[in-house]
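Note sheet for the following structure.
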Amino acid sequence: MNFNEFDFDARIDHNLQGLGYITPTPIQLQAIPPIMQGRDVVGVAQTGTGKTAAFALPILQKLLQRSGGKRGRVLILAPTRELTEQTHQAIDLLSCKTRIRSVSIYGGVNINPQIDALRRGVDIVAACPGRLLDHVQRRTVDLSTIEILVVDEADRMFDMGFLPDVRKIVGCLPANRQTLLFSATMPEAVRHLTKELLRAPVTVQVGDSAPVATVSHTFYPVASDGKRALLERILTETRTGPVIVFTRTKHRSKTLARQLEHSGYAAAALNGNLTQNKRQQALDGFHQGRYKILVATDIAARGIDVSKVSHVINYDIPDTVDAYTHRIGRTGRAREKGEAFTFISEADRGLELAIRKVLGTKLRYCQMAL
Ligand code: AMP
C-alpha cells in the first residue's frame with residue numbers, strides 16, 4: 001500500500017513525495033485510519049518507527065478539511081525541547097504550501113517570540129509542559145479551543161516528572177476533544193494516564209517495545225578503565241557513519257567528547273548542562289556532518305531524529321532495558337540498518353542479563369584484546 005490510498009489533500013501528497021515517503025510504516029498504517037475517524041488512539045511505538053508522521057498526517061488532513069480561523073486547534077506535548085522542535089519542523093515540512101501554522105514552545109529561550117507567534121495565531125502548538133504552563137499563567141495562550149491533544153513519549157514524560165504538569169494542562173482543555181498518546185513502553189503510570197485522558201481508545205502497537213529489528217547488537221566485555229581504548233579501537237577499525245556515544249553522566253559526556261577531539265575525532269558533547277544554544281549547535285553540527293560523533297546523555301539525546309546514525313555505542317550501559325530500547329531507537333530508523341555496541345564491565349552483569357533476555361538470539365559478543 002502507498003500513501004495515495006489515504007486520500008490525503010493533494011498538498012500533503014505533494015509534500016510526502018518531496019520528503020521521499022512512499023510507503024507508510026507499520027505504525028502509520030495502523031494509526032492513521034482510526035485518527036482520521038476521530039477515535040482516541042494509544043500508539044505503542046518507539047522513536048524511529050515514523051510515529052510523528054503517524055499522528056501529524058491525519059491531523060493535518062483534518063485541519064485542512066475544516067478551516068478554524070486563527071485559533072489553536074491542536075496541542076502536542078513532548079518531554080524535551082529537542083523533540084518539540086523536531087515535531088514542529090516535521091509538521092512544517094508536511095504542511096508546506098498550506099495555511100497551517102505551528103509554533104514550538106519550550107523553556108531555556110526568550111519567551112517573547114513565542115508570545116508574538118501565539119498572538120498572531122497558530123493552528124498547532126507543539127510544547128514542553130513547563131513553558132506551556134508559564135504561558136497559561138501569563139494568559140498568552142488560549143487552550144480552550146483545542147480539538148486534538150497529542151501526548152508524545154508519555155513514558156519519558158513520566159520519567160522526567162512531567163505527569164503533574166500534563167494533568168494541569170489537560171485541565172485547561174475542553175473535555176470534548178480527541179486524544180492521542182504515544183509511548184515506547186507502557187509502565188503502570190502511563191497506563192493509568194491513558195485511562196484518565198483517553199476515551200475508548202484504539203491501541204496500535206509496533207514491535208514489542210523491543211529494540212528495532214533493523215539493528216544488530218554486540219556486547220563488548222571490557223574493564224572500566226579500558227573503555228576509552230576500546231572505543232578508539234572500534235572507531236578506527238569500523239566503517240561508521242554518524243555515531244552517538246552514550247555516557248551515564250553529563251560530566252562523562254563532556255570529558256569523553258573532549259578526549260575524542262584531542263585524538264582527532266570530530267566529536268561534540270550533548271548534555272543537559274549546555275545552554276539551549278550550545279545544544280542546538282551540537283545537534284545542527286551533527287545533522288550537517290560537521291561532527292561525526294555525538295557524546296550524549298540519555299535525556300539530552302531523547303527523541304533526536306538523526307535518520308542516518310549508523311552506530312549507537314553504549315559507552316556506559318543504560319539503567320534499564322527500556323532505556324536501551326530508547327537509545328537504540330536512534331539508529332536503524334525508518335528501515336536503515338544500524339549497529340548497537342554496548343560496553344559491559346563487571347558491575348553491569350544484572351542489566352547485561354536483562355537486556356540479553358529481550359534481545360535473545362540477535363545478540364553477539366565480541367572480546368577485543370586491547
Ligand atoms: P519518527 O519515528 O517519527 O521519529 O520518524 C523516524 C524517521 O523516519 C524520520 O526521519 C522520518 O522522516 C522518517 N519517516 C517517517 N515516515 C516515513 C515513511 N513513511 N517513509 C520513509 N521515512 C519515513
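Just follow the structure's listing: the first ligand is 1, and inside any ligand the first atom is 1.
Every atom of ligand 1 is numbered from 1 in the order shown, and the set under 4.0 Å from a heavy atom of Phe3 is 19 (N). Listed by number with element, the atoms of ligand 1 under 4.0 Å from a non-hydrogen atom of Thr23 are 18 (C), 19 (N), 20 (N). Close contacts between ligand 1 and Thr52 involve ligand atoms 1 (P), 3 (O), 4 (O) [criterion: under 4.0 Å to a heavy atom]. Near Lys51, the atoms of ligand 1 lying under 4.0 angstrom from a non-hydrogen atom of the residue are 1 (P), 2 (O), 3 (O).
For a threshold of 3.5 Å applied to N or O pairs, the pair formed by Gly50 and ligand 1 contains at least one separation below that value. Annotation: Gln46 places no N or O atom under 3.5 Å from an N or O atom of ligand 1; distance criterion only. Inclusion of Gln86 in the set of residues having an N or O under 3.5 Å from an N or O of ligand 1 is not warranted.
When Glu85, Gln114, Glu82 are each tested for a side chain to side chain donor-acceptor pair (under 3.5 Å) with Tyr106, only one passes: Glu85.
Looking at heavy atoms from C-beta onward, Leu235 lies in side-chain contact with Ile293 at the 4.5 angstrom threshold.
Note that Lys227 lies in the cation-pi zone of Tyr315, set by a 6.0 Å cut-off to the ring centre and a 45° limit from the axis.
For Phe158 against Pro187, the heavy-atom pair with the smallest separation is CD2-CG, 4.4 Å.
For CZ of Arg290, the number of neighbouring non-hydrogen atoms (other residues, nucleotides, ligands) closer than 6.0 Å is greater than 12.
Ligand 1 has no atom lying under 4.0 Å from any heavy atom of Ile27.
Using a distance-only test at 3.5 Å, with no hydrogens or angles considered, no donor-acceptor pair links the side chain of Arg73 to the main chain of Val122.
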